Amino acid sequence: MPDLQKIYDPKSVEQPTYQRWLKSGYFNPDKLPNAKKRKPFSIAMPPPNVTGELHIGHSLDLTTQDILTRWKRMSGFASLWLPGTDHAGIATQILVERTLREQGISRYAIGRETFLKHVWQWKEKYGERIVEQIKRLGASCDWSREHFTMDPRLSEAVQTAFVRLYHDGLVYRGERVIHWCTDDQTGISDLEVDYREEAGTLWYIRYPLLTGNEYVTVATTRPETMLGDTGVAVHPDDPRYKKILGQRVKLPISGRIVPIVADRAVDPQFGTGAVKVTPAHDVLDFEIGERQGLSKLVVIDHHGRMTAAAGRDFTGMGTLEARELVVRLLRESGNLVKTEDFTHNVAYCSRSATRIEPLLSRQWFVKTKPLATLALAALRSKKTVVVPERFAKVLVRWLTNIRDWNISRQLWWGHRLPIWYCIACDEPVASIKEPKATCRRCRNRGYRHDDDTLDTWFSSALWTFSTLGWPKKTKDLRRFHPTAVLGTGWDILFFWVARMVMFSRYFLKEVPFKTVYIHGLVLNQQGQKMSKSKGTGIDPIPMAEKYGTDALRLSLVVGTAPGLDFRMSEQKIAGQRNFCNKLWNVSRYVLTQPPLAKGGRRSRQAPRGGGSRGGTFADAWILARLNEVTSTVTQHLDKYQFGLAVEALQQFLWKDFADWYVEIHKVEKNTAVLRHVLRQCLILLHPFAPFITEAIWKAMGEKRLLMIESWPTNKNRYQHELRTIQGFKNFQRLVIGLRNLKIHGANNQPLSIQPTTKLNRELLARLTGVAFADQAPTEADRVVIADEQLMVPGAVAKQYADWRRREVEQLNRYIAQKEQLVANAKAPEHVRAQAQADLNAARSRIAELE
RNA sequence: GGGCGGCUAGCUCAGUUGGUUAGAGCGUCACAUUGACAUUGUGAAGGUCAGAGGUUCGAGUCCUCUGCCGCCCACCA
């Protein structure tokens, strides 16, 4: 028997165990026993940022996916969990840029090539770290299939996808107002913008009509943009403005003359019902300008400074400075009518937290409507099922109202757009490699590569199939796509999940995953999303070191439900550490039991617990419960109810097995059953707590790895087993009753009683601390516990009766309730029958008490 | 403006199709203990399931409304 330490020490177990798994090759589905006969089950790991650090959210992601992967592997599937990392364009570039800046290096000074070298160095340096951390969590993914979104093969997939979309007319270049981040110097998509409610000012400005002495008054939160106004818009049906429609105004300050136009986008209720239109610096204004044929005047540049077009007095000014000057000039000229306090939503870059500058810009867009239609069909036909279901509605709504996706980024780190422009005439050509042919428009040769890179989510959207070899028709792609499950948090539903469905349906004509399992987010004790920058997070790695990885994993699963956020605390992890220790020690007990008698059956075979084969009642009970739990756990896993699955297992292992069965085993030894139950517990628990279970498994002398042991299916022995479980409850009632008799009847003093029927005195004495005698104690009184009549000292009986009075009251209430149900003619027969049975039981118990 | 989620024991949370006396962990109280385990055991206390109404023989669970807390989407010049 191997020596197990008194306390479970995860440190000495985890690393060697992971190495054993790696060495076995079983993370690779091709190397599993009977690999060819297995049906595929695959999960694509959401790739973490290559230079990032593992946070608690990753841990949750990884834990749930590892549970599924391991469970399916044990259930006989060719289980593939494909890992990888993401180049995370903007996030990584900002990070590296910031570090360089601290050394006084600007990326512009060193140039694109050199900067990228720095980023690659960074990637080499830190890329390994996150992978190590993933391994640390016990993730059973196939590292031979690991990918990085900027691997040459994946880059090829990205370019292929782009070129195809281009030729199909689903990618286009357009000039429009986009969200521009002046700090990161790039355009970003709608999803990368955060809105914050802020107190601001609404300025009312008078624009004089060109003819006559009249004015039209407009309201704005950004007066400086009036330098770029090229029109004033009113609602076509607004009676106030009917007569000035088509007239022109002369803008104060710039003196430019612009038309008054009618557009339905104007809300007559807001402000004065007349809007200044700045098509180059506002999304809505741009749309009005397009419809009404207004010119576009760029007055703010990429750095948030006023351009020459803003006027000589303003050139080079920051927008806020320009605003002050504009307001002052308006006030001086008497054109500032009034100001109002005003709260509105201000757009910020979600990365750099700088204010977004809406800017007219030429960018590449994905035409999303046709793709969204494909995705919607997949969701509606349940080709992809969303768990929990309500998130499907969220996706459907987003896809229904989808807008074109700005995919070009003015970043250096990322997939460069496979777009080439003719040097002579600027005609764009989509091509992975530099085109050799002459320009189709001007017949000249020579191209320049587009400087921009793609939104990082563009490559992520291909992840489930690019990692399997697409665009090549590989064996892996055929076998493992569509993947079985995608597991992720609801926070990247739009960024990633929706786009994966769109692209997969478009390029492969199939869904990327059959199920998407959405877990909640991990919150801190204040109920906020854990955030490293705010220092409110729980760092998983130190927790795993302190309490063990299994404890961390379990704590991320226990007490959670699909899609619901939950709070995390160190205390919770400590609680799961205690459970691991319990498992460890109960195993120690099992291992100290002498080996089976010669000729006895091997523990590998499921022993029969029934009485006729020599098994005790307790054996039959624990085996029945084991079967019940096996089925419960499997059912919960089928529904992604990880929390319920673990809860059922832990209750069984700790309460039923350790507290009851093991204690009974100390008196009535049936080590075959003991070992069998532990063995099966290890199997069932392995997907959740892989390290400790594998270690104990080995200590039990098993030769094969637990990770490929077969997942048990329970045999239908239900009726028989339910009766056994029910019967055992009676025994438990007797034990608990005797314990209470001793504590509350005899003040925990030594107590000797005389049973009137035959009982297993040794066992009961051991479990309850009550001594049994053949003679009745002096001045004995009769007490009935669980149908057993016991002679106890009169004083004890009295005190016990007093103590139990509460219980009588409770029972009376219960009985009344059951009587009502029994008398209820409309209740179904089986419900009434059950109620009758409960009633009878309660009546007999109350008879005991009184 | 539109939508979603939460409100269950002091705290953190489960509770799958309506039907055992609504559960767990932590915490609390009392007690125990040198042989698997104090990262323990035993026993106990603690809940009008946010509120109101409805459907039903029966509601934590289904419907309507209200209140608080959190989130998402849209963006208002």
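For clarity, every value in this text was computed on a predicted model and none was experimentally measured. A, B, ... follow the sequence lines: proteins, then strands. Residue 1 opens every chain. When reading the values below, keep in mind they use all heavy atoms of this one structure, side chains included, and skip hydrogens, waters and symmetry mates.
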Closest to side chain of [X], choosing from [options]:
| X | options | value |
| --- | --- | --- |
| A:Arg739 | B:rG43, B:rG25, B:rG15 | B:rG43 |
| A:Asn740 | B:rA44, B:rG27, B:rU21 | B:rA44 |
| A:Asn581 | B:rC37, B:rA44, B:rU20 | B:rC37 |
| A:Gln571 | B:rC26, B:rU21, B:rG6 | B:rC26 |
| A:His744 | B:rA44, B:rC37, B:rU21 | B:rA44 |

Compare side-chain N and O positions of [X] against OP1 and OP2 of [N] and report whether any pair is under 4.0 Å apart.
| X | N | result |
| --- | --- | --- |
| A:Asn748 | B:rA30 | no |
| A:Gln641 | B:rG15 | yes |
| A:Arg577 | B:rU40 | no |
| A:Trp654 | B:rA24 | no |
| A:Lys546 | B:rU39 | no |
| A:Lys582 | B:rA36 | no |
| A:Arg567 | B:rC13 | yes |

For RNA chain B, the expected dot-bracket line (Watson-Crick or G-U under 3.5 Å, [ ] crossing, | inter-strand) is (((((((..((((.....[...)))).((((((....).))))).....(((((..]....))))))))))))....
With rounding to the closest Å, how many angstrom separate the [atom1] atoms on [N] and [M]?
| N | M | atom1 | answer |
| --- | --- | --- | --- |
| B:rU61 | B:rG6 | P | 12 Å |
| B:rC4 | B:rC76 | C1' | 23 Å |
| B:rG27 | B:rG41 | P | 12 Å |
| B:rU28 | B:rG2 | C1' | 46 Å |

Short N-O contact, [X] and [Y], less than 4.0 angstrom:
| X | Y | result |
| --- | --- | --- |
| A:Glu570 | A:Lys546 | yes |
| A:Lys11 | A:Asp9 | no |
| A:Arg804 | A:Glu809 | no |
| A:Glu819 | A:Arg843 | yes |
| A:Arg176 | A:Glu290 | no |

Whole angstrom value for the distance that separates [atom2] of [N] from [atom1] of [X]:
| X | N | atom1 | atom2 | value |
| --- | --- | --- | --- | --- |
| A:Leu653 | B:rU40 | CG | C1' | 15 Å |
| A:Lys572 | B:rC26 | NZ | P | 13 Å |
| A:Trp803 | B:rA30 | CH2 | P | 17 Å |

How long is the span from the CG atom in A:Leu591 to the CD1 atom in A:Ile696, to the nearest 0.5 Å? 8.0 Å
Which of these passes ring pair (Phe, Tyr, Trp, His ring centres under 6.0 Å) with A:Phe642: A:Tyr517, A:Phe566, A:Phe688? A:Tyr517
Just to be sure I understand the rule, does [X] reach a base, reach only the sugar-phosphate, or reach nothing, if contact means heavy atoms closer than 4.0 Å?
| X | result |
| --- | --- |
| A:Trp660 | nothing |
| A:Ile736 | sugar-phosphate |
| A:Lys666 | base |
| A:Leu644 | sugar-phosphate |
| A:Arg832 | nothing |
| A:Glu663 | base |

May I ask you to test the A:Trp654-A:Leu649 pair for a side-chain heavy-atom distance under 4.5 Å? no
Looking at side-chain heavy atoms only, is the closest gap between A:Tyr8 and A:Val13 below 4.5 Å? yes
Is it the case that A:Glu340 and A:Tyr204 place a side-chain donor and acceptor less than 3.5 Å from each other? yes
Using a 4.0 Å cut-off on protein heavy atoms (strictly under), produce a 5'-to-3' string for nucleotides 67-77 of chain B with B for base contact, S for backbone-only sugar-phosphate contact, and - for none. ----S-SBBBB
Could you list the residues that satisfy side-chain contact (heavy atoms from CB on, under 4.5 Å) with A:Ile743, not counting sequence neighbours?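 If we apply the side-chain contact (heavy atoms from CB on, under 4.5 Å) test to A:Ile743, skipping adjacent residues, the hits are A:Asn748.
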Can you work out whether A:Thr560 or A:Gly563 has the more 5'-proximal nearest nucleotide on RNA chain B?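 This one resolves to A:Gly563.
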